[in-house]
Amino acid sequence: MTDEIKPKSSKGQTMWGGRFAAGPGALMQAINVSIDFDRKLATQDIAGSKAHSDMLAAQGIITAEDRDAIHTGLDEIGAEIANGSFPWSEELEDIHLNIEARLKDKIGDAGGRLHTGRSRNDQVATDFRLWVRDHLDLFGQQLTTLIEALVDQAAENADTIMPGFTHLQSAQPVTFGHHMLAYAEMFARDRARFADCRTRMNESPLGAAALAGTPYNIDRDMTAAALGFDRPMANSLDAVSARDFALEALSAATICATHLSRLSEEIVIWTSAQFQFIKLSDAFTTGSSIMPQKRNPDAAELVRAKVGRIMGALTALTIVMKGLPLAYSKDMQEDKEPVFDAFDALELGLAAMAGMVADMVPNKDKLAGAAGAAFSTATDLADWLVMTLNMPFRDAHHVTGAIVAMAEKQGKTLDALDLADMQTVEPRITEDIYTVLTPLASASSRTSYGGTAPSEVRKQVKTWRGKLAK
Ligand code: ARG
């Protein structure tokens, strides 16, 4: 019977199903089983069961003795899982049934009473929420560490001059500290997104039971409070069906990973032989097996790539959830793996990035040299013409263009041009022009709020340190 349903080749060999010796039953188990991945929820499952049994006892639905036996059994199970002796069983499908069956083995009938007034549908929704919530908190802490590293670099490099780019072409001189603080702002928004997501998701599905609630006199406020939720979810159908908390967390993770990839890309560019803007230590680079001179920024490249799988997880789960009718469908068992994978990737990416930012040493000479190249102070020249000679900006732009062309022809930077030569283009230019033509002068003049001047960067560092201390 088993072999009948397996397609056979012309030689009578089965084309698939070699693994599933026992036929349809084994196939059902293979597609149904989730214990290989949802065992990650063990801690949350035990916490949920303790809260639920406490509540059942408080409401007089089970006895205090049964509750105590349940707690003792769950503690033993937690210890078995921690020390690797727990007898995981694929036949028992998932984490919930594995733990419940083990509990019954240990404490008998009392174990069978734990599932009163609850279903695996609200149980898994609760466990998964708790797991995601823990990770949102973790990302918040990791982002704080990363921001601290960026602010430290900014403090040390408030007046380290570097080229600022648009279109990856040298545009105007900026400070390295300013560049670091741009990322601090981005990662702070990521942190706020995770915190915001946490606030919205922090409601308890427990007690929604299979989908409709339960006739037992349960106290959902009590279990919600015990598990650190702000309140129980208000609609039992929604409670077991909702996975938008995971989608929202993955969206925030995707945006955060995008930011990580942008900084990674800059690290890759900056460490190249062509740029040499920063140096990373051996802690975050690898050698080449064939080219002895190489020092590859592998960590940055891998962080740059993580956004691929994280955004892939968001796409995967979005498509799983699309078009699902209320309430629970088994499709939703496919919610966990993408989130587990994406969050592992983000955790690693955030840790590696915080390490790289703390590790990197800017090459000040190279940065200053590059900052002065490509006529990066041309805008300063035009601004001087406007401010000193009251020239309309469009005319100043034109005059500056002619002076840049002259410098290009002479193979000189703007601050190395002779005054007499500049005066052939605009006779009213004076010696004073040289005070704005160096990259440092250019950056230092940009004192508008949020600007790149060292004085502004120092102010921002102070503001950041104040915020981080809270
Ligand atoms: N392993 C299942 C999941 O992850 C638990 C819920 C099962 N519920 C059910 N009615 N079969 O979604």
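Just so it is clear, the structure is predicted and the values come from calculations on it, not from any experiment. Counting starts at 1 for both ligands and their atoms, following the listed order.
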In this structure, does ligand 1 have an atom that sits under 4.0 Å from one of the heavy atoms of K336?
yes
Is the distance from the ring center of F176 to that of F277 below 6.0 Å?
no
If you count heavy atoms of other groups shown closer than 6.0 angstrom to NZ of K330, is the number above 12?
yes
Centre of F139's six-membered ring, under 6.0 Å away, within 45 degrees of the axis: is that where NZ or CZ of R198 sits?
no
Polar contact flag for H96 and ligand 1 (N/O pairs, less than 3.5 Å)
no
min-distance protein heavy atom vs atom 2 (C) of ligand 1 -> Q333 OE1, 3.2 Å
Between G207 and T214 the two heavy atoms that sit nearest each other are O-CG2, 4.1 Å
Please name the pair of heavy atoms, one in N157 and one in T175, separated by the smallest distance, quoted to 0.1 Å.
O-CB, 4.4 Å
Heavy-atom nearest pair, H259 first then Y183, reads O-CE2, 4.0 Å
Protein contact of atom 5 (C) of ligand 1 - nearest heavy atom, named by residue and atom, plus distance:
D94 OD2, 3.5 Å
What is the nearest protein non-hydrogen atom to atom 10 (N) of ligand 1, stated with its residue, atom name and distance?
N121 OD1, 3.0 Å
Atom 11 (N) of ligand 1 - nearest protein heavy atom and its distance
R120 NH2, 3.6 Å
Nearest protein heavy atom to atom 3 (C) of ligand 1, by residue and atom, and its distance?
Y328 OH, 3.2 Å
Please identify which atoms of ligand 1 are closer than 4.0 Å to at least one heavy atom of S34.
1 (N)
